[in-house]
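All values below were derived from every heavy atom in this structure, side-chain atoms included, with hydrogens, water molecules and symmetry-related copies excluded.
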Amino acid sequence: MYKKIFDQVIQKKMDTFFINNLAAYGKVETFSKGQIINPSHPDNIYIVLEGELNHAMYSKNGDEIFFYRIIEGNIFGEIDFFDENRAFVVNKALTKGKVSVVSREIVESKLKEHPEMYNYFLTSIIKKYRMIMLELSNLQFNDSLGKLADFFVRLYYTENINSNNNISIIFTHEEIAHRIGLNRITVTNGIRLFKDKNLIDIRDRKIIIKDINGLKKLTNIPIE
């Protein structure tokens, strides 16, 4: 399932289309690491030109639910845009970067010129809906090791994995724990167990996936 949802060929085609046909018509804004992008209205589409962000929701107490990561070429704001209503989610910058902010007037004009853009928007919305379903399933159905294994499986399919199965983004144990609702000690012990079982390795602080099928077997979600 993850492989289909995070199909890199389809995603690359979408990213290229939005960069080439929409990004140039927006206002470029920069963001810094840790910045929260919380649009006040639903009338813009955001295209990431540089950097990475988390799509997340926060409780009144500051607890976080992480839904998915947004990287260069990806868009956000499209669900609010078509629903014409602001949701409760925000976007937290993992790195510094830039976004192109495209107004409703321009987007609607470009949709008339490129009606195939509707398909790309719909694909993006459906993908995010499925990602949220998987996130909720992970929280409900998996134990701590299953949650950690699911985290690595998802990273494996959302990254452009190189020949060494090297995941480029670097996480501390604390960051992983925060992402999946576990404590740091549980994550540290789980990573040690996965390394002992030869499922993953850590080199230069980067995660190496050595046995993706072995990780899948530790989850309680039908992710094939």
Side-chain angles (χ1 to χ4, degrees), residues 5-6 10-11 14-140 151 154 158 169 175 178-181:
I5 292 176
F6 302 119
I10 294 176
Q11 186 63 56
M14 290 171 54
D15 293 348
T16 301
F17 182 89
F18 284 120
I19 290 291
N20 291 341
N21 295 284
L22 199 57
Y25 300 94
K27 177 183 177 183
V28 176
E29 297 183 358
T30 61
F31 56 83
S32 56
K33 182 178 180 179
Q35 182 177 337
I36 300 293
I37 299 176
N38 184 16
S40 59
H41 58 75
D43 294 324
N44 292 325
I45 296 292
Y46 299 78
I47 305 169
V48 180
L49 305 177
E50 297 176 13
E52 299 179 358
L53 305 100
N54 275 345
H55 199 62
M57 182 182 292
Y58 291 88
S59 71
K60 292 180 179 179
N61 297 326
D63 297 323
E64 179 188 59
I65 295 178
F66 164 72
F67 294 120
Y68 42 82
R69 187 161 58 100
I70 305 169
I71 63 175
E72 183 178 328
N74 293 177
I75 64 171
F76 62 91
E78 74 277 22
I79 296 175
D80 292 354
F81 183 91
F82 288 102
D83 186 46
E84 297 188 19
N85 186 39
R86 266 294 289 139
F88 298 106
V89 293
V90 298
N91 303 277
K92 182 178 180 179
L94 294 172
T95 67
K96 65 179 182 179
K98 298 178 182 179
V99 291
S100 173
V101 185
V102 189
S103 70
R104 179 175 294 277
E105 180 181 7
I106 292 174
V107 173
E108 290 179 345
S109 173
K110 292 302 174 183
L111 282 168
K112 293 177 182 178
E113 294 180 22
H114 303 281
E116 69 272 25
M117 194 182 298
Y118 280 109
N119 290 331
Y120 289 113
F121 279 128
L122 184 59
T123 299
S124 180
I125 291 170
I126 291 172
K127 177 179 290 190
K128 290 174 179 176
Y129 168 74
R130 288 178 173 170
M131 290 162 70
I132 292 172
M133 288 178 62
L134 288 172
E135 181 66 24
L136 293 174
S137 299
N138 180 40
L139 292 173
Q140 181 68 26
F151 175 77
R154 187 176 302 198
T158 55
I169 190 169
E175 288 170 335
H178 188 60
R179 286 279 195 96
I180 58 181

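Residues passing the side-chain hydrogen bond (donor to acceptor under 3.5 Å, both in side chains) test with Tyr129: none are found, sequence neighbours excluded. With sequence neighbours excluded, the residues that form a side chain to side chain contact (heavy atoms under 4.5 Å, CB included) with Glu175 are Phe171, Thr172. Applying the side chain to side chain contact (heavy atoms under 4.5 Å, CB included) test to Asn21 and every residue at least two apart in sequence or in another chain returns Phe17, His114. In this structure, Tyr58 has no ring-ring contact (aromatic ring centres under 6.0 Å, His included) partners at least two apart in sequence or on a different chain. Every residue meeting the side chain to side chain contact (heavy atoms under 4.5 Å, CB included) condition with Ser59, not counting sequence neighbours, appears here in chain and number order: Asn61, Asp63.
Distance check: Asn44 CG to Ile75 CD1 gives 12.5 Å after rounding to the nearest 0.5 Å. Taken to the nearest 0.5 Å, the CE atom of Met133 stands 8.5 Å off from the CG atom of Leu136. Taking CZ of Phe82 as the reference point, atom CD1 of Ile45 lies at 6.0 Å (rounded to 0.5 Å). Rounding to the nearest 0.5 angstrom, the gap separating the CD atom in Glu50 from the NZ atom in Lys96 is 8.5 Å. How far CD of Glu135 is from CZ of Arg154: 4.5 Å, rounded to the nearest 0.5 Å. Between atom CD1 of residue Ile10 and atom CE of residue Met14 there is a gap of 8.5 Å, rounded to the nearest 0.5 Å.
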With side-chain contact (heavy atoms from CB on, under 4.5 Å) as the criterion, how do Ile71 and Val48 come out once you've worked through the C-alpha distance, each side chain's angles and the decisive distance to 0.1 Å? CA-CA 7 Å; Ile71 63 175; Val48 180; over 6 Å; no
Could you go through Phe76 and Ile37, starting from their C-alpha distance and side-chain angles, then the distance that decides it, and tell me whether this counts as side-chain contact (heavy atoms from CB on, under 4.5 Å)? CA-CA 11 Å; Phe76 62 91; Ile37 299 176; 4.3 Å; yes
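Among all heavy-atom pairs drawn from Ala56 and Phe67, the shortest one is CA-CD1, 4.1 Å. Residues Ala23 and Ser100 come closest through the heavy atom pair O-OG, 2.6 Å. Minimum interatomic distance between Ala93 and Ser32 (heavy atoms only, all atoms of both residues): CB-O, 3.2 Å.
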Scan the side chains in residues 101-109 for donor-acceptor partners under 3.5 Å anywhere in the protein, sequence neighbours excluded, and list what turns up.
from	atom 1	to	atom 2	distance (Å)
Ser103	OG	Ile106	N	3.4
Arg104	NE	Asp43	OD1	2.7
Arg104	NH1	Phe81	O	3.4
Arg104	NH2	Pro42	O	3.0
Arg104	NH2	Asp43	OD1	3.1
Arg104	NH2	Phe81	O	2.8

Could you tabulate the donor-acceptor pairs under 3.5 Å formed by side-chain atoms of residues 24-31, not counting sequence neighbours?
from	atom 1	to	atom 2	distance (Å)
Tyr25	OH	Lys110	NZ	3.2

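Heavy atoms of other residues, nucleotides or ligands lying less than 6.0 angstrom from NZ of Lys98 number 12 at most.
Residues Phe121 and Leu111 form a side-chain contact, since some pair of their non-hydrogen atoms from C-beta on lies under 4.5 Å apart.
Within the structure, side chain to side chain donor-acceptor pair (under 3.5 Å) contacts touching residues 70-95 (residues at least two apart or in different chains) are Asp15-Asn74, Asn38-Arg86, His55-Asn91, Glu78-Ser124, Glu78-Lys128, Asp80-Arg86.
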